[in-house]
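To start, the structure under review is shown below, and the notes come after it.
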Amino acid sequence: MKDRCLFKAKICNGEWVAGFLHCKNDKWYISNKAGSPFAFEVRPDTICQCTGLKDKNGKLIWENDICKYYNPEDKDGVGIIKDDYVSWIKGIIATKEMMTPLFYLRCSDEWEVIGNIFDNPELR
């Protein structure tokens, strides 16, 4: 869970940066090292915290990620990660906007990140 303190966000050119989040003079910044003098100013509306979990491909799962979930016992679904919950948007597992605590679904081989709400609005 060491990755839980990481954040990612978009900078003005639309690229993602990840690291440690801090605020100064009402502006938000992400630096790649704690206390680093160099930091990227980020768009606050795109700030996402890492869940500390990884998907079946070893990719970190962040807030606002859109993930596919499959488990032969629980069926399947597609959900958006929000505040330690999964908001189900498609699939057999649940109806739209039903929430499941993320800690119930920690099996990394059952998750796959397929996008996020900022870069892939068509997946919503």
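Proximity of I30 to F7: side-chain heavy atoms (C-beta onward) are separated by under 4.5 Å at one or more points. No side-chain heavy atom of V86 sits less than 4.5 Å from a side-chain heavy atom of I80. Looking only at side-chain heavy atoms (C-beta outward), E63 and D83 come within less than 4.5 Å of each other. Looking only at side-chain heavy atoms (C-beta outward), E112 and N57 come within less than 4.5 Å of each other.
Of all heavy-atom pairs spanning H22 and S31, the tightest one is CE1-OG, 3.9 Å. Contact between I81 and W62 at its shortest, heavy atoms only, is CB-O, 3.6 Å. W88 approaches G77 most closely through the heavy-atom pair CZ3-C, 3.8 Å. Of all heavy-atom pairs spanning N120 and G115, the tightest one is OD1-CA, 3.2 Å. Considering all non-hydrogen atoms of both residues, D76 and Y70 come closest at CB-CD1, 3.6 Å.
The pair D65-K82 fails the salt-bridge criterion, with no side-chain N (NZ, NE, NH1 or NH2) lying under 4.0 Å from an Asp/Glu carboxylate O.
We find the CG-CG distance between L60 and D3 to be 4.5 Å, quoted to the nearest 0.5 Å. Expressed to the nearest 0.5 Å, how far CD of E41 lies from SG of C12 amounts to 8.0 Å. The distance from atom CD1 of I114 to atom NZ of K68, rounded to the nearest 0.5 Å, is 6.0 Å. To the nearest 0.5 angstrom, K56 atom NZ is 11.5 Å from C67 atom SG. To the nearest 0.5 Å, the span separating CD1 on I117 from SG on C48 amounts to 7.0 Å.
Counted within 6.0 Å of CG on N13, heavy atoms from surrounding residues, nucleotides or ligands total more than 12; the atom is thus considered enclosed. Within 6.0 Å of the NZ atom in K8, the count of heavy atoms belonging to other residues, nucleotides or ligands exceeds 12.
Side-chain atoms of D55 come within 3.5 Å of backbone N or O of V113 as a donor-acceptor pair. Under the 3.5 Å distance criterion, the side-chain polar atoms of N116 are matched with a main-chain donor or acceptor of F118. For T51 (side chain) and I61 (main-chain N/O), a donor-acceptor pair under 3.5 Å exists by modelled atom type.
Taken together through direct or relayed side-chain contacts under 4.5 Å among Ile, Leu, Val, Met, Phe, Trp and Tyr, F38 and Y29 form parts of separate hydrophobic clusters.
Note on ring orientation: taking the six-membered ring where Trp is involved, the planes of W111 and Y69 are tilted (angle from 30° to 60°).
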